[in-house]
Amino acid sequence: MQHQVAAIGGDGIGPEIIAAGKEVLDAAGERFGFDIAWTDFDAGAERYLSTGELLTEEDLRELSKFRAIYFGAIGDERVKPGILEKGILLAIRFHFDQFVNLRPIKLLEGAPTPLANKGPEDVDFVVVRENTEDFYVGIGSRFTGAREQKTLEVVRDLYNIKFGLDVETDADEIAYQIGVVTRPGAERVIRYAFDLAAARERKVTSVDKANVLSDVYGLWRDVFNQVATGYPDVATEFTFVDAVTMWFVKNPEWFDVVVTPNMFGDIITDLGAMIQGGLGLAPGGNINPAGTSMFEPIHGSAPKYRGQDVANPLATIWAGSMLLDHIGEREAARAVLSAIEQSILDGFVTRDMGGAKKTSEVGRYVASLVKRA
């Protein structure tokens, strides 16, 4: 069987880690009897600096032909922060309505963790982050003067929203950002989390800040309670985002499936990354169950290490395991994750994990382990 997959290396270390990941996924295909036909797309700082283009309509049309995108990293010191991230990464998430950001928080055998009294049996849960709403919808303003009139719009497959704002102030300068939570947007991601929890036969924890931001996250809680009635065998609980940062560290074994609005999910999954061994071991999936999904490491592009072949590719390879699972190659996905764990146990890792191996060497080694799976 052949799978068509798009690949975007991006900036900095992105092309190097994607190359390592592709080698591993190709090895998985060889071992388990399928083939991946890669189509590479040029998107990142170099293209932007030379042409002024981020992602064109033609790019998006071509990417829509693929069920999965394998993404490296973007970000470059020559480009103002936010331009590449909004114009490429968020553009893909929003255009393809990738409303689930899936982050496994799993401590592998041999991986470093700051939790001295915890092991792999204690750190094994998943965060389901809503990926298209909240304060990431990108509507807001910053202005000086006495008055500003604006129309701000959110366009989604599910709905269109317009805010007509007439702001008057005597402050020297004002900035505002509007967060949006809708019932249909919250319901679909919460239902995804409950379906996942039902398969794991445990519980769902909802994370919010409804005690202070009672409008947006009050709606979130209402939707959570409504969806929960359809899953009587799944246990539920609420926790505030500040509290969950403590419990992730003190009692990670309490958690199974955690579902959270966009902004809090962005924050707590970096904490989750640290308790599972660091950003070099943290993958993510941007999921549209019925459309095009994207899989990536959650770390940045680290431009200072560009071209040095020293970056840790394991998060990218793990994201590749998630990609394989998404396209139905579940046995291969398990083999890739097992090979990552064995590489760590063998000490065949990059310098950030206490080893001395190069990016490309780790990729080849993990690929060889997969072939022997």
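As a basis for the values below, the full set of heavy atoms in this structure was taken, side chains included, without hydrogen atoms, waters or symmetry mates. Throughout, numbering of the chain's residues begins at 1 and tracks the sequence.
- Comment: D97 engages R188 in a salt bridge, judged by a side-chain N to carboxylate O separation of less than 4.0 angstrom.
- Between the E30 side chain and the G33 main chain, no donor and acceptor come within less than 3.5 Å of each other.
- Each of F240, Y217, W220 was compared with F264 under the ring-ring contact (aromatic ring centres under 6.0 Å, His included) criterion, and only Y217 meets it.
- In summary, E331 and R334 do not engage in a salt bridge, as defined by a charged side-chain N under 4.0 Å from a carboxylate O.
- Side-chain atoms of N101 never come within 3.5 Å of backbone atoms of R129 as a donor-acceptor pair (strictly under, hydrogens ignored).
- The backbone N or O of D309 lies less than 3.5 Å from a partner atom in the side chain of E16, making a donor-acceptor pair.
- The existence of a salt bridge linking D76 and R306 is confirmed by a sub-4.0 Å separation between a basic side-chain nitrogen and an acidic carboxylate oxygen.
- Checked against Y231 for a ring-ring contact (aromatic ring centres under 6.0 Å, His included), the options F224, F194, Y192 give a single hit: F194.
- For the atom pair S360 OG and I17 CD1, the distance stands at 13.0 Å (nearest 0.5 Å).
- Remark: K22 engages D40 in a salt bridge, criterion side-chain N to carboxylate O under 4.0 Å.
- Not a single donor-acceptor pair under 3.5 Å links the side chain of E173 to the backbone N or O of A175.
- The pair K150-D166 fails the salt-bridge criterion, with no side-chain N (NZ, NE, NH1 or NH2) lying under 4.0 Å from an Asp/Glu carboxylate O.
- Few gaps surround CG on N211; more than 12 heavy atoms of other groups in view lie less than 6.0 Å from it.
- Put simply, CD on E341 and CD on E109 are 5.5 Å apart, with the number rounded to the nearest 0.5 Å.
- To the nearest 0.5 Å, the span separating CG on L158 from CZ on R183 amounts to 13.5 Å.
- To the nearest 0.5 Å, atom CG of residue L324 and atom CD1 of residue I36 are 5.5 Å apart.
- Between the side chain of Q98 and the main chain of T292, a donor-acceptor pair closer than 3.5 Å is present.
- Between the CG atom in L89 and the CZ atom in F71 there is a gap of 5.0 Å [rounded to 0.5 Å].
- In this structure, N225 contributes its side chain and D222 its backbone to no donor-acceptor pair below 3.5 Å.
- No more than 12 heavy atoms of other residues, nucleotides or ligands sit less than 6.0 Å from atom CG of D170.
- Between Y365 and F348, the ring planes lie parallel to each other; the angle is under 30°, not in the 30° to 60° tilted range.
- In this structure, the separation between CZ on R200 and CG on D256 is 4.0 Å, given to the nearest 0.5 Å.
- The environment of CZ in F32 is crowded: more than 12 heavy-atom neighbours from other residues, nucleotides or ligands sit within 6.0 Å.
- Residues satisfying the side chain to side chain donor-acceptor pair (under 3.5 Å) test with W247, not counting sequence neighbours, are none.
- For the pair R142 and Y176, the cation does not sit on the ring face, since its NZ or CZ is not both under 6.0 Å from the ring centre and inside 45° of the axis.
- Salt bridge status for K203 with E237: present, with a side-chain N to carboxylate O gap under 4.0 Å.
- The backbone N or O of A339 lies less than 3.5 Å from no partner atom in the side chain of S343, so there is not a single donor-acceptor pair.
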